[in-house]
Amino acid sequence: MTNSDSTNSTSRRTPLGPAFGFTFINSIGTYVVTSSGLYFLTQQGYGFSETQNYLLGVLLGITYIVGAKLASRAQTSLHRVIPGFSHRGLLVVLMVAMAALCLVPQAAEWLTGSTTAARSSWPIWTIVLIYSPLMGILWPIVESYISGGRSGANLRNTMGSWNVVWSAAGVLATFAVAPLVGKDPALAVLLVSGAHLLAMLTVAPFPAEPAEHIEGEHEPHPPVFARLLITFRLLLPMAYVASAAIGPYLPFAGEKLSLSGGTQAMLPAAWLIPRVAMFYVMQRWQGWHGRWYIAVGSGVLLVLSFGVTICAPLLGERFDLIALLAGLAGFGAAMAVIYSAAIYYAMEVGKTEVDAGGTHEALIGVGYTIGPSFGLFATLAATGGYLDPILVQPVVLGAVLALSVATALLVAHRVRRQMRHG
């Protein structure tokens with residue numbers, strides 16, 4: 001890229017104020033409709049069983065992968081039909097479509113006059129089937145707008161701030177929807193519809209297309225960055241395997257600990273708040289770049305904290321809640337480290353185009369799918385009498401641990417092979 005091209009790319013950077021506002025608002029929707037908040041809505045508001053929640057998680061993951069892989073093609077396809085159609089235009093279309101989808105549960109109740117006891121679950125399945133792939137298309141585009149035209153220290157600081165922004169939205173959403181999850185889940189989703197319409201107001205200052213990637217300010221990235229990218233692209237889906245297994249499990253862990261419905265719905269805050277704090281640390285502290293011990297330490301912490309979280313309800317009344325909160329806190333911190341490193345190396349090595357973000361989000365979708373798959377198979381086995389119900393969570397933990405060990409071995413093999421060949 002010439003100096004002129006670099007200057008043009010820099011001048012087309014997306015203003016961070018509107019971009020962060022758009023991110024924050026849409027992250028609320030992510031939490032409520034496709035993340036931890038969804039499972040409390042379904043369990044308390046729609047009477048989903050643990051098996052149904054895990055099945056919903058699998059569907060969410062598969063459709064999210066489809067959307068993420070289509071992210072770079074969506075605008076191109078629409079451009080063929082509508083000349084001049086841009087990525088900014090696609091963001092507006094996505095907001096309208098998502099807002100319309102979030103009307104479905106409330107509209108269904110209005111049309112059928114259903115009560116809480118007779119509430120139908122088909123609107124939830126419909127939303128996940130359509131909303132999830134749209135979210136998979138959305139985030140790679142947002143990531144390309146955030147990172148485009150930036151590199152070096154500017155890219156690091158911007159991505160660090162962006163991570164704090166979207167993760168903080170999850171904390172706000174946790175406390176906002178907790179009073180509604182059992183009493184009026186359709187209203188909780190309806191509020192997300194309004195949020196998407198509000199987000200459209202922040203899109204106007206965006207350039208029509210994301211700025212192109214520019215090389216580092218002083219020199220290209222060190223060779224170790226490419227190796228660390230491989231490592232974190234293996235750790236990232238593993239982290240989301242654990243996260244996606246915890247999501248459908250937490251509502252039922254809260255029940256086992258005899259927590260009230262509203263308190264149960266606030267349990268995710270125990271890992272979402274530490275995640276925000278660790279994102280902030282990763283932004284302010286630059287010493288982690290290019291360091292292998294960050295990959296090793298975060299992977300170990302993720303597995304250990306996941307194990308504590310899953311096994312906490314088995315520890316008895318004196319220690320169960322303390323262990324659950326401690327496990328969730330460590331889990332949130334590990335997730336932040338792995339996510340921060342994965343997206344940073346993806347943007348530095350993989351450039352900032354929508355394709356790079358699409359790969360990053362598709363890897364998250366893989367985790368979204370595999371994690372609840374373990375829980376689904378275990379709960380189905382228990383329902384069919386092939387597994388003692390008390391062994392469901394240990395089986396899930398064992399499956400995740402096995403995958404973690406396999407991931408670690410694969411990471412070691414690939415890194416050693418790359419280092420051998422220079």
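Sequential numbering from 1 along the given sequence is applied to the chain's residues. Computed from a predicted model, the values in this text were never measured in an experiment.
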pair [X]-[Y]: side-chain heavy atoms closer than 4.5 Å:
X: Leu257; Y: Pro313; result: yes
X: Thr379; Y: Gln52; result: no
X: Leu138; Y: Phe22; result: yes
X: Val241; Y: Phe374; result: yes
X: Gln264; Y: Val181; result: no
X: Ile246; Y: Phe331; result: yes
X: Pro251; Y: Gln44; result: no

Open item on the list: side-chain contact (heavy atoms from CB on, under 4.5 Å) for Trp162 and Ser147? Distances and angles first, verdict last.
Closed with: CA-CA 10 Å; Trp162 183 72; Ser147 57; over 6 Å; no
Would you check if the side chain of [X] reaches a backbone N or O of [Y] as a donor-acceptor pair within less than 3.5 Å?
X: Ser243; Y: Ala239; answer: no
X: Asn163; Y: Met159; answer: yes
X: Ser340; Y: Val337; answer: no
X: Ser132; Y: Leu60; answer: yes
X: Ser193; Y: Cys102; answer: no

Using the side-chain hydrogen bond (donor to acceptor under 3.5 Å, both in side chains) criterion, which residues pair with [X]? Sequence neighbours excluded.
X: Thr309; answer: none
X: Ser161; answer: Gln283
X: Gln106; answer: none
X: Thr30; answer: Trp139

To the closest 0.5 Å, what do you measure between [atom1] ([X]) and [atom2] ([Y])?
X: Leu267; Y: Leu250; atom1: CG; atom2: CG; answer: 6.0 Å
X: Leu301; Y: Ile338; atom1: CG; atom2: CD1; answer: 8.5 Å
X: Glu209; Y: Tyr145; atom1: CD; atom2: OH; answer: 5.5 Å
X: Met266; Y: Leu272; atom1: CE; atom2: CG; answer: 13.0 Å
X: Thr23; Y: Leu16; atom1: OG1; atom2: CG; answer: 9.5 Å
X: Leu38; Y: Leu56; atom1: CG; atom2: CG; answer: 5.0 Å

I'd like to check the ring pair (Phe, Tyr, Trp, His ring centres under 6.0 Å) partners of [X]; sequence neighbours left out, ordered by chain and number.
X: Phe24; value: none
X: Tyr240; value: Tyr368
X: Trp122; value: none
X: Tyr39; value: none

Open item on the list: Walk me through whether Tyr31 and Val177 qualify under side-chain contact (heavy atoms from CB on, under 4.5 Å).
Closed with: CA-CA 10 Å; Tyr31 175 83; Val177 303; 4.2 Å; yes
For residues 92-100, tabulate all N or O donor-acceptor pairs below 3.5 Å that involve a side-chain atom, not counting sequence neighbours.
none

Open item on the list: Around atom OH of Tyr293, are there more than 12 heavy atoms from other residues, nucleotides or ligands closer than 6.0 Å?
Closed with: yes
- [ ] Please identify each residue that fulfils side chain to side chain contact (heavy atoms under 4.5 Å, CB included) with Ala270, with sequence neighbours left out.
- [x] Leu325, Leu328
Open item on the list: According to side chain to side chain contact (heavy atoms under 4.5 Å, CB included), who are the partners of Ser167, at least two apart in sequence or on a separate chain?
Closed with: Arg275, Val276, Phe279
- [ ] Would you mind listing every ring pair (Phe, Tyr, Trp, His ring centres under 6.0 Å) that reaches into residues 169-193, with sequence neighbours excluded?
- [x] none
- [ ] Test side-chain contact (heavy atoms from CB on, under 4.5 Å) on Met282 and Tyr344 and set out the steps.
- [x] CA-CA 11 Å; Met282 295 291 281; Tyr344 170 71; over 6 Å; no
TODO: Look at the rings of His196 and Tyr131 and say which category their plane angle falls in: under 30° parallel, 30 to 60° tilted, over 60° perpendicular.
DONE: tilted
TODO: Identify the residue among Tyr54, Phe40, Trp125 that makes a ring-ring contact (aromatic ring centres under 6.0 Å, His included) with Phe48.
DONE: Trp125
